[in-house]
Amino acid sequence: MEIAKVYDPKEAEEHHYKRWESNGFFAPEINEDPDAEKFSVVIPPPNVTGTLHMGHALQHTLMDTLTRWKRMQGYRTLFLVGVDHAGISTQLMVTRQLKKDEHRSPQDIGRDAFTEKVWEWKNKYGNVITEQIRKEGLSVDWTRERFTMEDDLSTTVRNVFVRLYEEGWIYRGTRIVNWCPRDKTVLSDLEVKEEKARDGKLYYLRYPVSEPEAVATRLMLTVATTRPETMLGDTAVAVNPDDERYKHLVGRKILLPLTNREIPIIADAYVESEFGTGAVKITPAHDPNDWEIGQRHNLEMLVIMNEDATMNAAAGADFEGLERYAAREKVVEEFEKLGLLDKIEDYDVTLPHCERCKTVIEPLLSEQWFAKMDEMRDMALKLLREENAPRFFPEVPHKKVYMMWLENLRDWTISRQLWWGHQIPAWYDKDGNVFVAHSKEEASEKAGTTDLVQDQDVLDTWFSSALWPFSTMGWNGSGPGAMATGLLAAENKNPVAIAPVSDSTSDLETFYPTDVLVTGRDIIRLWVSRMVMTGLKFTGKKPFDDVIIHGTVLDKNGQRMSKTKNNGIDPLEVFAKFGVDATRMTLAGSATGIDFAWRDEKVESYRNFANKIWNATRFCLINSDGACVDLKSLEFHLQAASEAALGREEPAEAVPPNASLADRWIISRLNKTAKAVDHALETYQFHEAVQLLYHFFWDDFCDWYIEFVKDEIVNLSDAEMVRDIEAGIGSVPGAVATGLTPAQIQSRTRILTILEQAIRMLHPFMPFLTEELWQKLPGTGSSLHNPAYRSAEKTIMLADFPKCNEAMIDEAAESEMNAVIELITKVRNIRAEMNIKSADKFTVHIAADGAFQQVFKANEPQILKLAKAEKLVIGEKMEVPKASAKAVTANAEIAVPLEGLIDFEKERSRLAGQIEKLNIELHRLNAQLSNVSFVEKAPPEKVNELRERQTEIEQQVKTLNTNLDALN
RNA sequence: GCCGACUUAGCUCAGUGGUAGAGCACUCGCUUCACACGCGAUAGGCCACAAGUUCGAAUCUUGUAGUCGGCACCA
């Protein structure tokens, strides 16, 4: 068999994904078991404009690992994929393109033409991200791919809007909103990021009190502000009602400079007397706090800015048309000229910025659509408080953050001044009356006229994303009672046979609620909370049980990746360099929820691991003639166990004579690993599973098991064959024909079978490599499939995930094998420390008690080979020349006579070093065991354990000291 | 201002009320017939600091310092 020496992932990645997809392995319909339990997960829809980044790669890896694992366990799985329309960023991108290509703006071409452009753009570039998802190897069901702007989902959004409006949860109102003057749209609180502004200043402005006698005395009230330009829109000055300094001024008036307007001095508890001067200018149309004061005092709302943050006519002729910062300078200049500028102080302010374009947000009085959140909020809080749902992984700190955010939730601004998105289904007649309806026809009926104009705004993208887990599964809010107490029966005991793809209602019944959501921290409020709220409101069910919050992938210096810093790491480049599987292992190998700095070295180590798996398999395949994967070959433990259960006295006899210690040991390790991996995945400890598999495969399987059985397995040369037959070994019928003995065939079968199971366990993490290798193994096929997939073509994707068989755990084998491993390691240590060359021949003397003598004798060939020794002398005691290197293990004393080779000085210091190390531990043990309160209060098992360890070490120290003395 | 997380080997990170672990890097030795993306053997840590609880603390509590994050306020 021709197999390359180094694994090259590229071809496998391309080839297998196509096959998986075209054979329908990803679709839940592949599962033929009518009683199969379901497992479902929806992808957090990436932006249609987006490209894959490490955060995606991480969350996708975790979701796919879970899905593949569950699928192999026989669950009917659905991993639902799709993208969202990303209102603002897509519109920006297409606008930019339009400007570049045609030197035109959206306004130039009009709404319909522009929307058409966006669709064109989407059809051309919108599959970049989905192609990248294919590259990642995600086992998502492409037949159910969704897009938030497609017809069905748009209808759903409209239905939801109408329903919420009719119930009174959506209203239109004039409020101060976060206005981005560059994007010219409103933003929700969550799309705004507070950032420290540079060069912040606090300007102290003198406002003259306007009554005649005050003017005569030039009575001034000084206010402090960071935004002097807004004074043009002031409609009051406020002081604290308890502030003795200003009590006499309340109720009087200010003659507002530069405007010739008179504004009142009012008292409001909002004002803190200690801050600034204790007097606050009030600009209700340009500041959220001022707006609230304005509401309380019935102040005039004077809007002085345009949508692009230039001053409008209301700001006065001198200022009209000025950009806001130019206006600020001019206001300050004018105040200075008038002698009304008291002082300017440096002052650190944090200002809201548009998350997307970084422009400073302008709080602006504006008419928008809002969603009242109280009812849905209360439902979500109840679910959390009473059922601890959804469960967050890790729970700290996300549960608390989520709860606190819900508790302080305010109304949600859902309209956006964009053209790309779900246009708000509201129509206005000539008098401005609003009619919310599913269609213009319906609105016309309500209005009694067809002379209607639809609201120009669209809905926040998150409005549609909030419906994602159920809208994508066919819920559209139109069915009878669909929105009442929940569409679904509490328990759906009727399993869906094979759900036709088109029958999306069955999808809802089968796959909703989903099992788990995997997403990033910053999305908890934007998306997770909203899905919970809408899920409860519209379906009566929580949309998912568990929420895994993954960590942030940082750059190698621990910095967040960002476009501005240009320190992003492109997953596609990493794939190209190290392979998708190695990248997935790296990502899954990071602790759940913890940020981690990206290191190429880490991926490299998993690339090496992939190569190790490749080569271990290569070795097994080179030596696989006459054998194939056969699960029965591992079952001798079961025979032994059942015979033990029947009361046989020596169940060990049931073990076939050729089941070696190493066989029993590796099978025990395999089953323990399967158990631990299962537990790790159940609790979403992906990194734990990765560690377990890495350790099992590399250390246990490759370093020890393969090395132990190598001589048995490799093809014998003709000369060796003849020698063996002459020696009476392996001269059995058929042996000459194949060149193999039955024992060899059995060994080959066994190693293939163990390898095959290890590869299956690795599949959810490393899908491509494992499929590539599994296809090459003889004896794999649909017989290894989970029975639910019996008709499917051969693929590891649908093979059964290995389960732990407790009867195969063999503690005796593990401790015996450990003794052998320790023995070999100690001899190797002597070899290395004493500079024994490969070619040097030496004998190893071993003294041990009877049971371990047997163990060592039984494994003599392997010990000789792995320690590179020529001969073993095993007995109760040993007699060796003075010129010997010595060592002790927990079960044996070792001596290697090195006449002429030994460096006594070196050997002395080597032994002294070992004694030193043991003594440190011994001192600690002695101290602990002589502590009366420890012996009295600690659990007896613990005390015994330490006593045993103490005896063992004392013995070892004693032996080593004797050996050391003998050198002198 | 409030809340939270983190601080473990040179680096990146696991882990745990009872002998400190991994990967990478380092040192030494191997052209051993699956793999040099390899094999073998070492070395390396008072688990940030201080106090407390406990027979026992790196692990639990409290405080301190540093790093990072979230929220609130910001005239």
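First the proteins, then the strands, lettered A, B, ... as listed; each starts at 1.
- A donor-acceptor contact under 3.5 Å links the side chain of A:Arg607 to the base of B:rC37.
- Phosphate contact (OP1/OP2 of B:rU42, side-chain N/O of A:Asn829, threshold under 4.0 Å): present.
- Toward the 5' end of RNA chain B, the nearer of the two residues A:Tyr203 and A:Asp595, judged by each one's closest nucleotide, is A:Asp595.
- Inspection of the A:Tyr606 and A:Asp581 side chains reveals no N or O donor paired with an N or O acceptor under 3.5 Å.
- Backbone-only contact: A:Leu202 has heavy atoms under 4.0 Å from sugar-phosphate atoms and none from a base.
- Using the Watson-Crick or G-U wobble rule with both distances under 3.5 Å, B:rC6 pairs with B:rG66.
- For A:Tyr402, no side-chain nitrogen or oxygen approaches OP1 or OP2 of B:rG4 to under 4.0 Å.
- With both ends at atom P, the span from B:rG21 to B:rG38 equals 24 Å, rounded to whole Å.
- Side-chain atoms of A:Lys5 stay outside donor-acceptor range of the base of B:rC35, with no qualifying N/O pair under 3.5 Å.
- Considering only side-chain N and O atoms, A:Lys937 lies nowhere under 4.0 angstrom from the phosphate OP1 or OP2 of B:rG18.
- Side-chain contact, A:Thr583 with A:Lys577: no donor N or O sits under 3.5 Å from an acceptor N or O.
- Both distances falling under 3.5 Å, in either a Watson-Crick or a G-U wobble arrangement, occur for no nucleotide opposite B:rA34.
- Contacts of A:Lys281 with the nucleic acid, taken as non-hydrogen atoms under 4.0 Å apart, are absent.
- Residue contacts for A:Arg949: at a heavy-atom cut-off of 4.0 Å it reaches a base atom on one of the strands shown.
- For the OP1/OP2 pair of B:rG38 and a distance below 4.0 Å, the side-chain nitrogens and oxygens of A:Asn608 include at least one atom meeting the criterion.
- Of the nucleotides present, none pairs with B:rC73 by Watson-Crick or G-U wobble criteria with both distances under 3.5 Å.
- Summarising the local packing, NE2 of A:His679 is surrounded by 12 or fewer heavy atoms from other residues, nucleotides or ligands at distances under 6.0 Å.
- Not one side-chain nitrogen or oxygen of A:Trp405 sits closer than 4.0 Å to the OP1 or OP2 atom of B:rA72.
- Within 4.0 Å of A:Ala591, counting heavy atoms only, lie sugar-phosphate atoms of the nucleic acid but no base atom.
- Checking the phosphate oxygens (OP1, OP2) of B:rC74, a side-chain nitrogen or oxygen of A:Asn289 falls inside 4.0 Å.
- Residue contacts for A:Lys556: at a heavy-atom cut-off of 4.0 Å it reaches no nucleic acid atom on any strand shown.
- One N or O donor and one acceptor, one from the side chain of A:Glu707 and one from the base of B:rA34, sit under 3.5 Å apart.
- B:rC28 and B:rU19 are spaced 34 Å apart, taking the P atom of each and rounding to whole Å.
- At the heavy-atom level, A:Glu936 lies nowhere under 4.0 Å from the strands shown.
- A:Arg525 has a side-chain polar atom (N or O) that falls below the 4.0 Å cut-off from OP1 or OP2 of B:rC71.
- Applying the 6.0 Å contact sphere to CZ of A:Arg296 captures more than 12 heavy atoms from other residues, nucleotides or ligands.
- For B:rA34, its base sits under 3.5 Å from the side chain of A:Lys710 at one donor and acceptor pair at least.
- In this structure, A:His695 does not reach the B:rG23 phosphate: none of its side-chain N or O atoms is under 4.0 Å from OP1 or OP2.
- Remark: B:rG21 base-pairs with B:rC13; criterion is Watson-Crick or G-U wobble with both hydrogen-bond distances under 3.5 Å.
- The pairing partner recorded for B:rG52 is B:rC60, the criterion being a Watson-Crick or G-U wobble arrangement whose two distances lie under 3.5 angstrom.
- Residue-level contact check: A:Lys399 touches neither bases nor backbone, having no heavy atom under 4.0 Å from any strand.
- Along RNA chain B, the nucleotide nearest to A:Gln685 and the one nearest to A:Trp704 differ in position, and the one closer to the 5' end is contacted by A:Gln685.
- Summarising the base pairing, B:rG44 is matched to no nucleotide, lacking a Watson-Crick or G-U wobble pair whose two defining distances lie under 3.5 Å.
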